[in-house]
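Ligands are counted one by one from 1 in listed order, and the atoms in each one are counted from 1 as well.
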Amino acid sequence: MSISFERDGDIVILAANNPPVNALGAEVRRGLSEGIKRAVAEGAKAVLIYGEGRTWFAGADIREFGKPPVEPGLPGVCDEIEACPIPVVAALHGTVLGGGLEVAVSCHYRLALPSTKLGVPEVNLGLLPGAGGTQRLPRLAGYETAVAMVTSGRPVSAAKALEAGIVDRVEDGKPRALGLAYATELVAEGAKPRPVGARPAPQAPDFAAMRAEVVKKARGQLAPVTAFDAVAASASLPFAEGLKEERRLFMSLMDTDQRKGMIHAFFAERQVSKLPELKGVAPRALNSIGVIGGGTMGAGIATAALLAGLRVSLIEMTEEAAEAARGRVAGNLAGALKRGKISQQKHDAMLGTALTTAADYAALSDADVIIEAVFEDMAVKKQVFAQIEAHAKPSAILASNTSYLDINEIAANTTRPADVIGLHFFSPAHVMRLLEVVVADATAPDVVATGFELGKMLGKTTVRSGVCDGFIGNRILSTYRTAADHMILDGASPYEIDRVLENFGFAMGPFAVADLAGLDIGWANRKRLAPNRHPRERVSEHADKLCEAGHFGQKTGRGYYIYEGRSKSINPDVMPLIEAERAALGITPKTFSDDDILRRYMAAMVNEAAKVVGEGIARRPLDVDMVLLMGYGFPRYHGGPLKWADIQGLGNLLADIEGFAKEDDHFWQPAPLLQELVASNRSFDDLNT
Ligand code: CAA
């Protein structure tokens, strides 16, 4: 039974038991509703509600969204609890989230364990608190706190909740015992129910300014702004009317593509690291790692590992370079200390005993996983692997952080290819949440399992990729960037393209991103690929010209944009370079509408992503979605490129690609998987299960 009914003298105890997170599914809601009615019918003097297991209710059952509603609905259950004629006490612990917090604020008295986190994260699912939260929270905590919680989705601590008036007391112990003591005390005092809905709404603040701020931060996401409107409605409408308005706004969000995209992202994030082939495969021991190369990437990987409690040996070519690498790690850790992520004591221990920097590979002899993060050149990588092999212990895993190079070739050059794997981090590696685990032909299953274990320890979203040029993410990036470069040759400007993609929801357009990553990276890559380039490939050269002039983007202050302090402006040298290139190629520039730009860019992305899935480089469409969301700034509220494609309709996308192919049938070759899905009337999502 999801809600058990028990009596302790005058007090009825309703205990939730719906593992793992006590989600408020239909049975739980029914149990609460019936429990409250029965408690009153049986003459109890108070009701205690608490959660068994790791948490109070962590929210509505997300799996029910988008399906026909099952009675009783959560808003009705919350109203029933609030209207209960005897006091209802909530004993909170764990994660009191979404509908869970809404049930809590419908109770009359609340206590929380000190470790409790309370929040309304519905905006992260493209929704708003739809069971009275937008009306009850401001009445308890005031508008500033309610608006911050509802529009950001960020939870608050028990201490903050106490200060804000969301809970009445914070005590340490077991929820059941604490709750029972509280309820007993209330009964002894003759305490009455205290319905939050009966309180007047607080004085309305300057909602216009607050709303403008929310709109700015939302960057195209509907839910935070709609959630704000629901909270603001509580100031002008009586409570019952406010609830109706909240419901109306909630249902309007339920119908949106953004809600579908964000819920897809929620489940994909949890599914992505579950690989059927790793069931029952134990990872190898993982206490220390070695990193070769102490540049930005190597130092970032070392920092991430230190923050996760691992020991790190960081190897550079000389003692001076090793010292400089130590300085980079120290800089990263100082940032973590400043932001309160680690204590001074932990910081000192990380730099003191946990980190070794050296110019000698012998320092790697104890490392469980050794990751090279040296220059992207196959000959250099092979040399480094030979040295690693000479010092690594037999159980050690040998990993390359290459972004593009062939892991099979690297592995074949060692005497132990089963131990070789790609661990592709994204820079800065202690901040970015994505890790691609690149599985080569000979990689042993327990090596793959250890790659995933490392990702988990470092708090990364870890995605399996097969071997190909650029793996999942950079391969797709390279294709949509090429589509953007083609549009530039044909008449669009980099600035128009950046604007369109930023309006779509990317934090930065592709050319601003190129400036941030360093234009020299693309330059080196183009040179690497030039010898095998297909003669029909259209290559734009304006970016090479910028690089030849020493302009590498942000790091040199000049690229597609000019960077001065915090300001960014268009580089006036860029368009003349592009115009000269068009003239030399005899291209008459045409106009691209915003829609043209978006359709071509996204068609290129989806088409390449479909090839990546079709070839088995990514196992499932959701793997691609996670890579683009976590590593490439794809807007979460679109769910990832393949979820977005499903929502647009795959037939429309294929028709676009076939249309573009009339101009350039070399670049626009439809992915066989996309054709198959359209022909069989299926979606990418159908391949996720
Ligand atoms: N509904 C259904 N399933 C849920 C769920 C929910 N609300 N929350 C978690 N789960 C599932 C997860 O999918 C996962 O399932 P699998 O093991 O099958 O993958 C399992 O519970 C454990 O979850 P996590 O792996 O995420 O565990 P965690 O310990 O890392 O995190 C958590 C726990 C903080 C509660 C996290 O799961 C979480 O943030 N959940 C979502 C909370 C949320 O958004 N609540 C609001 C729901 S919307 C709502 O309530 C609307 C309303 O107003 C009516």
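- Partners of Y109 by side-chain hydrogen bond (donor to acceptor under 3.5 Å, both in side chains), not counting sequence neighbours: none found.
- Evaluation of the side-chain contact (heavy atoms from CB on, under 4.5 Å) rule for L673 yields V613, E676, L677, F684, L687 as partners, not counting sequence neighbours.
- Between F426 and Y632, the distance separating the two ring centers is shorter than 6.0 angstrom.
- To the nearest 0.5 angstrom, L253 atom CG is 6.0 Å from L127 atom CG.
- A salt bridge does not link R620 to D625: none of the charged nitrogens lies less than 4.0 Å from a carboxylate oxygen.
- The stretch residues 120-138 participates, sequence neighbours left out, in these side chain to side chain donor-acceptor pair (under 3.5 Å) pairs: D79-R136, E82-R136, S106-R136, T134-E246.
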Check ligand 1 against the protein and report each N/O to N/O distance under 3.5 Å, formatted as atom name, atom name, distance.
residue, atom, partner, partner atom, Å
ligand 1, 1 (N), A60, O, 3.4
ligand 1, 1 (N), I62, N, 2.9
ligand 1, 7 (N), A60, O, 2.8
ligand 1, 19 (O), K274, NZ, 2.5
ligand 1, 26 (O), R270, NE, 2.6
ligand 1, 26 (O), R270, NH2, 3.1
ligand 1, 27 (O), R54, NH2, 3.0
ligand 1, 29 (O), R54, NH2, 2.4
ligand 1, 45 (N), A58, O, 3.0
ligand 1, 50 (O), A60, N, 2.9
ligand 1, 50 (O), G99, N, 2.7
ligand 1, 50 (O), E122, OE2, 3.4
ligand 1, 53 (O), E102, OE1, 2.7
ligand 1, 53 (O), E122, OE2, 2.8
ligand 1, 53 (O), G130, N, 3.0

